[in-house]
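Dropping a structure here in structure tokens format, bear with me for questions.
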Amino acid sequence: MSSYDVVIRGGVVVTGSGVSESDVGISDGVVAAVEPELEGSAGMEIDASGLHVFPGLIDAHVHFNEPGRT
């Protein structure tokens with residue numbers, strides 16, 4: 001059983017291998033595991049039920065507004 005900093009549970013995970021309902025374990029800022037019903041403890045757990053999770057994705061189309069619009 002592993003220990004993670006963060007576990008994102010129950011989301012629809014999209015990776016290069018496909019789409020599945022899985023959990024994502026993160027350790028030291030790195031995606032350490034992606035699998036259904038991930039075993040292990042975490043300092044923080046996030047419920048992603050009904051949400052899509054894109055581990056490692058960088059959204060290049062963002063609009064930075066700080067400092068700027070509020």
Side-chain angles (χ1 to χ4, degrees):
M1 186 178 307
S2 297
S3 177
Y4 303 99
D5 298 324
V6 178
V7 173
I8 303 169
R9 297 213 182 265
V12 177
V13 178
V14 181
T15 67
S17 301
V19 178
S20 66
E21 187 169 317
S22 297
D23 300 335
V24 178
I26 302 167
S27 294
D28 296 323
V30 176
V31 175
V34 177
E35 57 188 71
E37 299 182 26
L38 183 66
E39 292 186 21
S41 61
M44 175 191 296
E45 290 198 8
I46 299 171
D47 179 10
S49 300
L51 302 174
H52 285 79
V53 180
F54 296 81
L57 177 80
I58 297 172
D59 184 358
H61 184 191
V62 296
H63 298 269
F64 294 101
N65 292 318
E66 293 301 328
R69 293 181 280 179
T70 55

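Quick note: numbers below take in every heavy atom, side chains included, and nothing from hydrogens, waters or symmetry partners.
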Task: Remaining members of the apolar cluster that contains Ile46, side-chain heavy atoms under 4.5 Å - done: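 Cluster partners of Ile46: Val6, Ile8, Val13, Val24, Ile26, Val31, Val34, Met44, Val53.
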
- [ ] Please list all pairs passing the side-chain hydrogen bond (donor to acceptor under 3.5 Å, both in side chains) test where one or both residues lie in residues 11-20, with sequence neighbours left out.
- [x]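 Applying side-chain hydrogen bond (donor to acceptor under 3.5 Å, both in side chains) to every pair that reaches into residues 11-20, excluding sequence neighbours, yields Ser20-Ser22.
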
TODO: Can you sort out the partners of Leu38 under side chain to side chain contact (heavy atoms under 4.5 Å, CB included), two or more places apart, ordered by chain and number?
DONE: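 Scan of Leu38 (side chain to side chain contact (heavy atoms under 4.5 Å, CB included), adjacent residues dropped) gives Tyr4, Val7, Arg9, Asp23, Ala33, Glu35.
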
Open item on the list: Just to verify, what does Glu21 make a salt bridge (charged side-chain N to carboxylate O under 4.0 Å, His left out) with, not counting sequence neighbours?
Closed with: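 Here no residue qualifies.
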
Task: Test side-chain hydrogen bond (donor to acceptor under 3.5 Å, both in side chains) applied to Asp47 - qualifying residues, sequence neighbours left out - done: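 Only Ser49 meet the side-chain hydrogen bond (donor to acceptor under 3.5 Å, both in side chains) criterion with Asp47.
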
Task: Counterpart residues, side chain to side chain contact (heavy atoms under 4.5 Å, CB included), relative to Val30 (two or more places apart) - done: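 Testing Val30 for side chain to side chain contact (heavy atoms under 4.5 Å, CB included), a comparison that skips the adjacent residues, returns none.
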
